[in-house]
Peer 1: 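Let me begin by handing over the structure; questions about it come next.
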Amino acid sequence: MASKDKESKPSFTSFASSYKEMMKRPSFLLGFRLVVCVALCYLLWLRFLFYTFPPASTAVSFRTAKLSRPLAATCDPAIAPFYIHRLHPRFNSALVQHGLSCVTCCDVCPHVGHRGLGRPLLRLPADADLDPGLTSWYATHPLAAEVIFHARAERHPCRTADPAAAELFYVPFFAGLHAATNSRQQNHTRRDALAVDLADHLASLPAFGRSGGRDHFLVVGRTSWDFMRDPDLLPEVANVTVLTVERHPGEGRHQFGIPYPSYFHPRTAEDVADWQAELRRFARTRSHLFAFVGGLRPGSDKAAVRAKVMAQCWKSKRCLPVDCNPTRRRCEDPDRVLDVMRRADFCLQPPGESLTRRSTFDAMLAGCIPVFFSEHSAYAQYEWYMPARPEDWSVQLKPTQWDHIEDELARIRKTVVEKMRETVIELIPNVTYAHPDSSATQLGFQDVVDTALIELTKRVRSNRESLNIL
Ligand SMILES: *[C@@H]1O[C@H](CO)[C@@H](O)[C@H](O)[C@H]1NC(C)=O
Ligand SMILES: *[C@@H]1O[C@H](CO)[C@@H](O)[C@H](O)[C@H]1NC(C)=O
Ligand SMILES: *[C@@H]1O[C@H](CO)[C@@H](O)[C@H](O)[C@H]1NC(C)=O
């Protein structure tokens with residue numbers, strides 16, 4: 001025992017003394033420093049790896065945590081509590097399932113999944129989120145307004161599940177899709193059958209009967225729709241308010257214009273501010289005076305001006321043309337469309353088959369000042385959304401000016417152009433459909449759907465006062 005103790009003690013002291021000795025030796029000191037240095041480098045390398053390629057789960061939970069933090073989505077008092085009527089799927093989801101995939105024509109089915117948003121885009125902007133589930137950019141189909149509106153309304157903080165508590169009633173009939181899928185139906189009895197069904201159904205609801213439909217609204221993402229055009233066809237629903245991407249000029253007592261959906265569906269005010277900042281940086285690199293993205297529309301009277309517009313644009317060095325010849329499909333690429341529009345000061349918006357164009361909203365999203373050829377292309381349409389003075393954010397060319405578009409636009413002073421562009425950029429949140437996911441959180445700006453609900457609320461409340469309904 002004693003000998004063991006004796007042995008262990010000296011062994012410790014000998015280790016300690018030999019350690020001191022070793023530390024004094026220069027070669028050991030060098031080796032020790034090397035080890036510390038390597039260990040530090042390794043730690044730094046790990047740290048670098050972690051921040052450059054964060055583990056996927058960390059990235060997602062961070063993003064969702066960021067998204068769900070402002071969760072206290074409260075109903076804006078300017079928006080009345082609204083109730084969404086429950087309809088048979090044949091009035092909405094079945095139309096999406098069957099018809100929507102091949103609405104426009106031809107051999108390509110536009111992608112209208114993701115609750116109407118369409119295919120997610122990852123290339124726009126360049127630093128888009130890695131996770132496709134979190135992008136703000138989608139190849140949204142121009143007819144998708146009614147589907148996106150519905151998706152957004154479903155999760156809206158002002159939605160109520162109790163019809164007795166509601167002041168506004170939303171009828172989620174996808175009338176535009178129905179019309180689009182039925183446009184070739186020659187038999188009018190068959191074509192209108194679903195609309196007649198809907199009118200019968202609505203007329204049987206107590207909530208509808210109370211007000212004669214005056215507090216009810218529909219959203220239509222398509223321009224021409226006979227159902228609401230002809231009040232004699234369905235007198236029961238004649239007083240229902242219709243939000244549509246194109247009101248009928250002169251027949252709009254109950255019709256109000258809402259913007260076409262473009263490609264940007266932000267979830268927060270921050271997403272919007274980032275894009276606006278990018279456009280402001282880009283302003284200095286706009287290389288062309290004007291741009292035209294579109295095609296000839298032979299056989300349409302309204303589109304006669306297009307031939308003039310295209311001839312002038314293709315001839316001018318200061319115009320960027322994109323020919324939307326359907327066989328070439330160059331206009332189905334949102335990247336290309338926005339890129340062209342981001343490189344011009346003005347974007348020409350001549351009428352096509354209809355007076356309004358989705359392209360107007362693509363242009364605004366790109367910070368390109370729209371140039372109109374008819375007041376019905378925007379001013380008489382989107383009064384809820386646009387500044388009172390059209391000249392603050394756009395140009396309208398009179399028929400006498402149509403033959404020298406370049407001269408007319410070049411004449412506008414640079415400071416005026418810059419001011420108009422700034423107004424267009426400020427308007428982006430106002431004419432944007434926020435991502436439906438964002439409805440659960442505090443958005444931080446008023447998008448198309450919020451503004452529509454605010455204006456509908458004003459209307460229904462003033463109606464009630466004038467009619468003395470309570
Ligand atoms: C249209 O369709 C309805 C119902 O299917 C049918 O009763 C009617 O005869 C058709 N009309 C014509 C002109 O084909
Ligand atoms: C619609 O409103 C008009 C004018 O206020 C009224 O005369 C008509 O009876 C209303 N229609 C229905 C179905 O309530
Ligand atoms: C956009 O909408 C907001 C809120 O409705 C409004 O205050 C603002 O003036 C609008 N912007 C423009 C440029 O009209």
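Residue numbers run from 1 in the order of the sequence given. A quick note: this is a predicted structure, and the numbers were derived from the prediction, not measured. In listed order, ligands and their atoms are each counted from 1.
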Peer 1: Counting C-beta onward and ignoring hydrogens, is there a side-chain heavy-atom pair between S136 and H265 closer than 4.5 Å?
Peer 2: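 They are not in side-chain contact.
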
Peer 1: Honestly, is R358 close enough over Y263, meaning NZ or CZ under 6.0 Å from the six-membered ring centre and within 45° of the axis?
Peer 2: yes

Peer 1: Regarding R247 and Q381, is there a side-chain donor-to-acceptor distance under 3.5 Å anywhere?
Peer 2: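 Side-chain D/A pair, R247 to Q381: absent.
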
Peer 1: Determine whether the side chains of R459 and H254 contain a donor N or O and an acceptor N or O closer than 3.5 Å.
Peer 2: yes

Peer 1: Within a distance under 4.0 Å of any heavy atom of R214, pick out the atoms of ligand 2 and give their elements.
Peer 2: 2 (O), 5 (O)

Peer 1: Hey, do the aromatic rings of H156 and F82 have their centres closer than 6.0 Å?
Peer 2: yes

Peer 1: Nearest heavy-atom pair of W402 and L397: which atoms, and what distance?
Peer 2: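 Minimum heavy-atom separation between W402 and L397: NE1-O, 2.9 Å.
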
Peer 1: Would you call the rings of Y260 and F361 parallel, tilted or perpendicular, where under 30° means parallel and over 60° means perpendicular?
Peer 2: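 Taking F361 first and then Y260, their aromatic rings sit tilted (interplane angle of 30° to 60°).
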
Peer 1: If I take atom OH from residue Y382 and atom CD1 from residue I258, how far apart are they, to the nearest 0.5 angstrom?
Peer 2: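 One finds 9.0 Å between OH of Y382 and CD1 of I258.
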
Peer 1: Purely on distance, is any nitrogen or oxygen of N187 under 3.5 Å from one on ligand 1?
Peer 2: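 N/O-N/O distance under 3.5 Å: yes.
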
Peer 1: Before signing off on this row, confirm whether E236 and ligand 2 have an N or O atom pair separated by under 3.5 Å.
Peer 2: no

Peer 1: May I ask you to list the atoms of ligand 2 that are less than 4.0 angstrom from any heavy atom of P235?
Peer 2: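 Going through ligand 2 atom by atom, the ones under 4.0 Å from P235 are 13 (C).
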
Peer 1: Answer with side chain, backbone, both or neither: which part of A238 has a heavy atom less than 4.0 angstrom from an atom of ligand 2?
Peer 2: neither

Peer 1: Within ligand 2, which atoms have a heavy atom of G212 less than 4.0 Å away?
Peer 2: 14 (O)

Peer 1: Are any protein N/O atoms closer than 3.5 Å to the N/O atoms of ligand 3? If there are, list each pair with names and the distance to one decimal place.
Peer 2:
residue  : atom   : partner : partner atom : Å
ligand 3 : 2 (O)  : N430    : OD1          : 3.3
ligand 3 : 2 (O)  : N430    : ND2          : 2.2
ligand 3 : 5 (O)  : Q446    : OE1          : 2.6
ligand 3 : 11 (N) : N430    : ND2          : 3.0

Peer 1: Measuring from atom OH of Y170 to atom OH of Y83, what distance do you get when rounded to the nearest 0.5 angstrom?
Peer 2: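 One finds 14.0 Å between OH of Y170 and OH of Y83.
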
